[in-house]
Amino acid sequence: MNFQNAFVAVAALSIFTAGAAVTSEIPLLPGERWWGGGGADGQNQPYGAADSKRIDLRYHGSTSSPLLVSTAGRYVWSEQPFAYQFKGGRLVLESDAGRIEPVQAGSTLKEAYLDAARRHFRFNGVIPPAVFFAKPQWNNWIEIFLHGMDQKAADDYTADLAKSGFPCGIYMMDGGWLSHQGSYEFHAPDFPDPKGLFDRVNAQGWIPLIWTAHFVSPDSREYKRLRYHPKSGGLDYLALRKAPGSHDAAAVRWWSGISAIYDLTRPEANAFFVDTLKAFAAQYGIRGYKFDAGDPHFFREDCRFHDPAAQPVDYTRLYAELAAREFPYHEIRVSWKCGGLPLVTRLGDRAHAWGRSVTHGKGPDAALDHCAQDTVIPQIVTAGLLGCPYSLADMVGGGLEFSFVGRELDPKLFVRSAALQALMPMMQFSLLPGRHLSPENVAHCRRFAELHEEFAPYILDQARRTSRSGEPIVRAMEYEFPHQGFTRPMQQFMLGPKWLVAPVVTPDDAVAVELPAGRWRDDLGAEHVGPKTLRLEQVPLDRLPRFERLDCSEGPAVSAAEAAPPKNLLAPVAGPDAGWTTEGFHSSAGGKDATKFAWWMTDTDLEFKFEVVDTTPCAREKVSGKKDLMNSDRVEVFVSPRVDMTSWYYGAEMDPYGNVLDYRAKFFRQFDNAWSFRTLKMETARRADGYTLRGRISRQELVELGVDPHNFSLGAFRADFKGEGELVAWTSALPQPPGKPDFHRPAMLMRQVLP
């Protein structure tokens, strides 16, 4: 069946201002329901004709996007945020970007979502590092909140986790460690040996991450350095107050007080923030960050950005993109219009409570409702339908610290929460079960952690498929089984197309499982034919009801050709005798030459080797200075801490005699030729048909230069002169873009992420 595409493009740069909104009203079709928009409102989705709550995406936070998708195969999209409400049988949209019209992409929720993804947020084949999916994560937030944020509490947590027998992949140090916002120094009285703390985490084989945010404490040294003032010569890297001509930094109110913020819309401030984070991480052996905050409502009242067109949600998007681009090991709680990115997105803090929400606090805070156990599944489902499938459901048992104060831990809730997360893309603990639960309940939690490990190959397979197709990992029942009566909020989900998961989320130990048409086998081995509803009573605490779809058949996640390692990528080899990364460098004129290249990382050095075929030698054994290599045969290595090369990156151009032209540079072509590597060592061997060159650079020097040995960008190149001053062939390990050869571009570097 052919459908008319009614898509209407909207302007990308308009600013949502009060009084300028245009209202679009879309009549709902019979029985039509909608998902999307504000991810934190997922528990109220799918929306229908009877819903009336108004959501303003300008300030919503959580995982949000200007997208709504319907069970009737329709969707709406706008490049700008809009407010939406369902009332009177209509979807009412308010936006100052003009009218918004629906797109008729098919007749199902799946068709609507996939068409929107194809048009507006294509996936690029990249997933977060596999360890996020393969093992449970551990974040020490609740334990350090209860026992104090200091080194002893953190070390005790590490030691007890190591003895617990629970699997661990990612280890997160949560907030409260720094001396003040923006300092990137541990509070010395509480952390006498932070390097030792993270050495012990790394010694366990875990990947350490640490809490951060974009705030800067007022009147601190960092604030004075980052704030522009005509007399101080500051860097102008902070967002300003809205008053015209004001040079005062904006005062942003958040849960820990009042702070200034990095203005991430200014490229220099963005780069400075990234470089600061990378230098700090390299100093302590930390691999990435838990990026907190970013909520657009923080910037609503009195905040002016360097980019005059930027709205609060644009700041949110830049913050999330920074995490995805620069730190493969990351977690982020708030994102805007980030569909398709390899983002590890976390739901907001869950209360330690059954049901949908619970009220905590006193005085004005007493009216704040916090999401509880029932909201996890619908919010994860909504995140997937917004193009953010790599999601986790906060911490097992809840991550809202105040819900653990003055009350006993509910062991049943904690175990059921572990079961709930066991078959989600990612699983994260905070409280150590052995400190709070009976041995029997500890064993239940360990079993669910191990169940997650058992399913890791399937989950990773689904993640890799998702990175190409865009299909959610956690799927609404309606997505996988359209028009079979699943157009309502549900406490069951599909993990990929094969597994139906129905956790117990109520204290009565019961769950009603709705099986779609087809053949199913449950976790106890019994087979069922749907459609049918199973009412499970007195479900044991150690059981997670799950049903394998027996008539589901999937091919391999990637073709054999895709699965073969690419020959042109700069992946590391195991050592000097382990073969070559490349089988010929790419020429700017097309084709390849016979250059081979490989690199590897040892405990002490970054090492590399070139094997070059060159029958027209052009080099001098003795040189008087670096510039003598300008018209000489040479091979080149670039090492960059950033993928965009906007901070200092480092180049070494080396000829067949071991002479070196080294320098540091910034994009685009800002060279400092007076700079040199301190630890670069080389060995060369010349042959009748060319030469071999091996080199190494100390890991410690790389760290001092802000290069994380586990996360950096690398380029390898060659210049082949045919005679001094005559023709030169420029070749590279990666294919070159069209046009004049130029290696000093981000496209010529390959991101390297090591375990």
Side-chain angles (χ1 to χ4, degrees), residues 110 133 136 167 354 373-374 376-378 380-381 384 393 396 411-425 427 440-462 465 471-555:
K110 181 175 184 176
F133 307 95
W354 300 98
Q373 184 88 339
D374 280 9
V376 170
I377 291 174
I380 287 280
V381 164
V396 168
K412 180 188 290 188
L413 171 62
F414 194 91
V415 174
R416 293 296 191 199
S417 179
L420 171 65
Q421 291 198 29
L423 295 188
M424 287 188 167
M427 183 183 196
E440 181 182 18
N441 286 330
V442 170
H444 295 335
C445 291
R446 185 181 295 110
R447 170 60 190 138
F448 290 127
E450 292 168 349
L451 180 64
H452 184 82
E453 283 192 300
E454 289 173 21
F455 270 75
Y458 177 78
I459 292 171
L460 267 169
D461 176 78
Q462 293 303 310
R465 293 174 187 272
E471 292 208 70
I473 302 173
V474 171
R475 303 178 185 180
M477 298 299 298
E478 176 68 19
Y479 182 95
E480 195 64 29
F481 302 97
H483 310 310
Q484 295 189 34
F486 299 123
T487 57
R488 64 190 187 283
M490 301 189 73
Q491 291 295 339
Q492 64 183 55
F493 62 90
M494 293 298 298
L495 177 64
K498 185 175 182 180
W499 288 93
L500 189 158
V501 186
V504 176
V505 297
T506 55
D508 63 1
D509 298 323
V511 61
V513 184
E514 299 182 48
L515 293 178
R519 295 171 51 243
W520 302 85
R521 180 188 295 119
D522 67 26
D523 52 296
L524 302 180
E527 294 195 12
H528 309 270
V529 177
K532 67 188 298 185
T533 298
L534 302 175
R535 176 73 183 179
L536 306 182
E537 305 282 357
Q538 299 302 311
V539 178
L541 268 182
D542 63 351
R543 184 184 178 194
L544 171 59
R546 54 195 183 275
F547 298 79
E548 182 181 7
R549 188 178 175 187
L550 298 179
D551 50 5
C552 175
S553 177
E554 287 188 292

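One-based numbering along the sequence shown.
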Original post:
If you round to the nearest 0.5 Å, how far is CH2 of W520 from CG of L500?
Top reply: 5.0 Å
Subject >> Side-chain (Y458) to main-chain (L495) donor-acceptor, under 3.5 angstrom >> reply: yes
Subject >> Residues that R543 engages under side chain to side chain donor-acceptor pair (under 3.5 Å), provided they are two or more places apart >> reply: D523
**OP:** Applying side chain to side chain contact (heavy atoms under 4.5 Å, CB included), name anything that partners A419, two or more places apart in sequence or on another chain.
**Re:** F448, L544
Original post:
Looking at residues at least two apart in the chain, or sitting in another chain, which of them share a side chain to side chain donor-acceptor pair (under 3.5 Å) with W354?
Top reply: D410
Subject >> Partners passing ring pair (Phe, Tyr, Trp, His ring centres under 6.0 Å) against F414 (at least two apart in sequence or in another chain) >> reply: none
Distance-only criterion, 3.5 Å: show the donor-acceptor pairs between side-chain atoms of residues 525-536 and protein atoms not counting sequence neighbours.
from : atom 1 : to   : atom 2 : distance (Å)
E527 : OE2    : R521 : NH2    : 3.4
H528 : NE2    : D522 : OD2    : 3.0
R535 : NE     : E537 : OE2    : 2.9

Original post:
Within the distance-only criterion (no hydrogens, no angle test), does the side chain of Q538 pair as donor or acceptor with the backbone N or O of A510 below 3.5 angstrom?
Top reply: no
**OP:** Please identify each residue that fulfils side chain to side chain donor-acceptor pair (under 3.5 Å) with E453, with sequence neighbours left out.
**Re:** K135
Original post:
For P482, which residues count as a side chain to side chain contact (heavy atoms under 4.5 Å, CB included) partner, sequence neighbours excluded?
Top reply: T108, E478
Subject >> Under the side chain to side chain donor-acceptor pair (under 3.5 Å) test, residues paired with R475 that sit two or more places apart >> reply: E480
Subject >> Heavy-atom donor-acceptor pair, Q421 side chain to A393 backbone, under 3.5 Å >> reply: yes
**OP:** Quick one: which residue pairs count as a salt bridge (charged side-chain N to carboxylate O under 4.0 Å, His left out) with a foot in residues 483-509, not counting sequence neighbours?
**Re:** K412-D509, R416-D509, R488-E514, K498-E548
